[in-house]
Amino acid sequence: MKLRWSRTLPLLPALALALGVTATPAAAEEASRHSSSSAVSSGWNNYSCKPSAAHPRPVILVHGTLGNSIDNWLGLAPYLVARGYCVFSLDYGQLPGVPFFHGLGAVDASARQLAAYVDRVLAATGTRKADLVGHSQGGMMSRVYLKFHGGADKVNTLVGLAPDNHGTDLNGLTRLLDHFPGAKKYLHELTPGLADQIAGSDILNRLNEGGDTLPGVRYTVIATKYDEVVTPYRSAFLDGPDVRNVVLQDLCAIDLSEHVAIGLIDRVAFHETANALDPAHATATTCLSG
């Protein structure tokens with residue numbers, strides 16, 4: 001057992017880091033200390049917020065692996081609030097004894113958490129449907145909710161920011177698991193959320209079997225060609241009706257955002273997200289969008 005652990009353990013942090021670190025310990029601690037007051041005062045996670053006629057659905061933000069409901073959205077949440085949206089965000093995929101860094105639990109269990117959270121937001125806002133914006137795992141896991149947990153009837157639009165919709169090979173890193181006896185087993189046992197994102201996983205095969213999309217939901221995928229986590233980056237894209245697949249660099253050729261930045265700070269991606277949420281009033285997304 002000790003030998004297996006000694007050969008398996010070095011891979012776990014590498015895979016965890018590669019699958020989308022979206023918070024630092026200092027930032028997470030600071031966000032935890034101030035999350036309640038800052039979120040509510042800005043209109044973010046304010047359960048008294050009622051959607052307007054202009055933006056009739058609440059927007060629920062779904063963080064990525066190792067992210068949380070605050071750190072992942074310090075850029076996008078205020079951006080959307082300033083544009084008149086009721087914005088909410090959840091924590092999911094928590095592991096016992098691991099604070100701040102979430103999205104490590106099994107993807108299907110996380111999708112059930114999202115289902116309960118959507119119901120809570122719909123009840124609070126008095127609306128029938130919500131829009132979802134997911135970064136990385138959050139974009140893919142939201143599709144698990146849509147397909148297996150009743151979400152298709154409760155969601156109008158899903159926007160994925162660098163989602164791993166068809167899994168990732170991490171530029172070949174996942175193939176190293178075959179050279180470490182027991183590595184896959186312990187990865188599944190210790191951090192199932194990481195294992196579920198590897199291309200060819202059981203949950204991904206079931207998710208994409210029979211087609212990528214569901215009737216009645218509009219999909220937008222915003223990917224970056226500099227993605228070092230979702231590889232190849234076009235594995236983020238979806239095929240089906242009511243789908244818009246976008247490469248960030250087609251909107252702004254000089255945009256250098258990679259996997260983390262596209263969800264945290266990229267104003268070009270934010271503008272395209274706003275377009276996806278309100279296509280009737282969309283404006284051209286360029287390098288100067290903000």
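As the structure is a prediction and not an experimental result, all values here were calculated from the model.
- For the pair L80 and L277, the minimum side-chain heavy-atom distance is below 4.5 Å.
- Side-chain atoms of S89 and N45 include a donor-acceptor pair closer than 3.5 Å.
- Applying the disulfide bond (SG atoms under 2.5 Å apart) test to every pair with at least one member in residues 46-77, sequence neighbours left out, gives these pairs: C49-C86.
- Using a 3.5 Å distance cut-off with no hydrogens or angles, the side chains of N245 and R234 do not pair a donor with an acceptor.
- Under the salt bridge (charged side-chain N to carboxylate O under 4.0 Å, His left out) criterion, R267 pairs with no residue at all, not counting sequence neighbours.
- In this structure, OG in S142 is found 10.0 Å from CG in L61, a value given to the nearest 0.5 Å.
- Looking at H281 and N275, their side chains never bring a donor and an acceptor atom within 3.5 Å of each other.
- One finds the CE atom of M141 at 9.5 Å from the NE2 atom of H149 (value rounded to the nearest 0.5 Å).
- Heavy atoms only, all atoms of each residue included: G167 and S235 are closest at O-OG, 3.3 Å.
- How far CD1 of I262 is from CG of L76: 11.0 Å, rounded to the nearest 0.5 Å.
- The hydrophobic cluster containing Y226 also includes L256, under a criterion of side-chain heavy atoms closer than 4.5 Å among ILVMFWY residues, counted directly or through chains of members.
- Within 6.0 Å of CG in D239 there are 12 or fewer heavy atoms belonging to other residues, nucleotides or ligands.
- Under the side-chain hydrogen bond (donor to acceptor under 3.5 Å, both in side chains) criterion, R206 pairs with D202, not counting sequence neighbours.
- Although no hydrogens or angles enter the test, the distance criterion places a donor-acceptor pair under 3.5 Å between the side chain of T125 and the main chain of V121.
- Across all their heavy atoms, S257 and Q249 have their closest contact at O-NE2, 4.1 Å.
- Contacts classified as salt bridge (Lys or Arg N to Asp or Glu O under 4.0 Å) and involving residues 97-108 (residues at least two apart or in different chains) are given here: D108-R112.
- With V268 as reference, T285 is the one residue of I222, T285, T286, L288 to meet the side chain to side chain contact (heavy atoms under 4.5 Å, CB included) rule.
- Between the side chains of T224 and H259, no donor-acceptor pair of N or O atoms lies under 3.5 Å.
- Residues F237 and V247 have side chains in contact (heavy-atom distance under 4.5 Å, counting atoms from C-beta outward).
- Both I60 and V221 belong to a common hydrophobic cluster when Ile, Leu, Val, Met, Phe, Trp and Tyr are linked at side-chain heavy-atom distances under 4.5 angstrom.
- For N165 (side chain) and A236 (main-chain N/O), a donor-acceptor pair under 3.5 Å exists by modelled atom type.
- Between R143 and the options L214, N208, L204, a side chain to side chain contact (heavy atoms under 4.5 Å, CB included) holds for only N208.
- Note that the CG atom of D71 and the CG atom of L264 stand 8.5 Å from one another [nearest 0.5 Å].
- Sorted by first then second residue, the salt bridge (Lys or Arg N to Asp or Glu O under 4.0 Å) pairs that include residues 241-263, not counting sequence neighbours, are R244-E272.
- V59 and L146 fall into different hydrophobic clusters, defined by Ile, Leu, Val, Met, Phe, Trp and Tyr side-chain heavy atoms under 4.5 Å apart, directly or through other members.
- Cluster membership for L90 and M140, using ILVMFWY side-chain heavy atoms within less than 4.5 angstrom, is shared.
- Within the 4.5 Å cutoff, the side chain of S136 has no heavy atoms near those of the L161 side chain.
- Taking 4.5 Å as the limit, every side-chain heavy atom of I203 sits out of range of all side-chain heavy atoms of Q197.
- Every pair passing ring pair (Phe, Tyr, Trp, His ring centres under 6.0 Å) that includes a residue from residues 65-98 is listed here, sequence neighbours excluded: Y47-F88, H55-Y85, H63-Y92, Y79-F270.
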Point to revise | Evaluation steps, side chain to side chain contact (heavy atoms under 4.5 Å, CB included), between Y219 and V159 | key: CA-CA 6 Å; Y219 299 83; V159 182; over 6 Å; no
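- Counting heavy atoms from C-beta on, the side chains of T127 and P58 come closer than 4.5 Å.
- Residue V133 is grouped with residue L248 when hydrophobic side chains (ILVMFWY) are merged at heavy-atom distances under 4.5 angstrom, including chains of intermediate members.
- Using a 4.5 Å heavy-atom cutoff, the side chains of Y117 and V62 are not in contact.
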Identify every side-chain donor-acceptor pair in residues 95-102 under 3.5 Å, counting partners at least two apart or on other chains, and give the distances.
none

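- For H271, the ring pair (Phe, Tyr, Trp, His ring centres under 6.0 Å) criterion is met by no residue, not counting sequence neighbours.
- Annotation: the span from T65 atom OG1 to L194 atom CG amounts to 6.5 Å, rounded to 0.5 Å.
- Here N156 pairs with R57, K129, D131, R218 under the side-chain contact (heavy atoms from CB on, under 4.5 Å) rule; sequence neighbours left out.
- Put simply, the side chain of P163 does not reach to within 4.5 Å of the side chain of V230, judged on heavy atoms.
- Counting only residues at least two apart or in different chains, disulfide bond (SG atoms under 2.5 Å apart) contacts with residues 209-260 comprise C252-C287.
- At least one donor-acceptor pair under 3.5 Å links the side chain of N72 to the backbone N or O of G64.
- Under a 3.5 Å cut-off, the side chain of D266 and the backbone N or O of A261 do not form any donor-acceptor pair.
- Closest of all the heavy-atom pairs between G240 and T213 is CA-OG1, 3.9 Å.
- Taking both residues in full, the closest heavy atoms of T220 and A276 are given as OG1-CB, 3.4 Å, listed atom of the first, atom of the second, then distance.
- Atom CZ of R128 sits about 9.5 Å away from atom CG of L122, to the nearest 0.5 Å.
- When hydrophobic clusters are built by joining Ile, Leu, Val, Met, Phe, Trp and Tyr residues whose side-chain heavy atoms come closer than 4.5 Å, directly or via intermediates, V87 is grouped together with L74.
- Among residue pairs with one or both ends in residues 90-165, none qualify as disulfide bond (SG atoms under 2.5 Å apart); sequence neighbours excluded.
- Under a 3.5 Å cut-off, the side chain of D196 and the backbone N or O of T191 do not form any donor-acceptor pair.
- When all heavy atoms are compared, the tightest approach of G84 to S52 is O-OG, 4.2 Å.
- When every heavy atom of A106 is checked against every heavy atom of P192, the shortest pair comes out as N-CG, 3.5 Å.
- Listed for the Q137 side chain is no donor-acceptor partner under 3.5 Å among the backbone atoms of G193.
- Of the N and O atoms on the side chains of D169 and T231, at least one donor lies less than 3.5 Å from an acceptor on the other residue.
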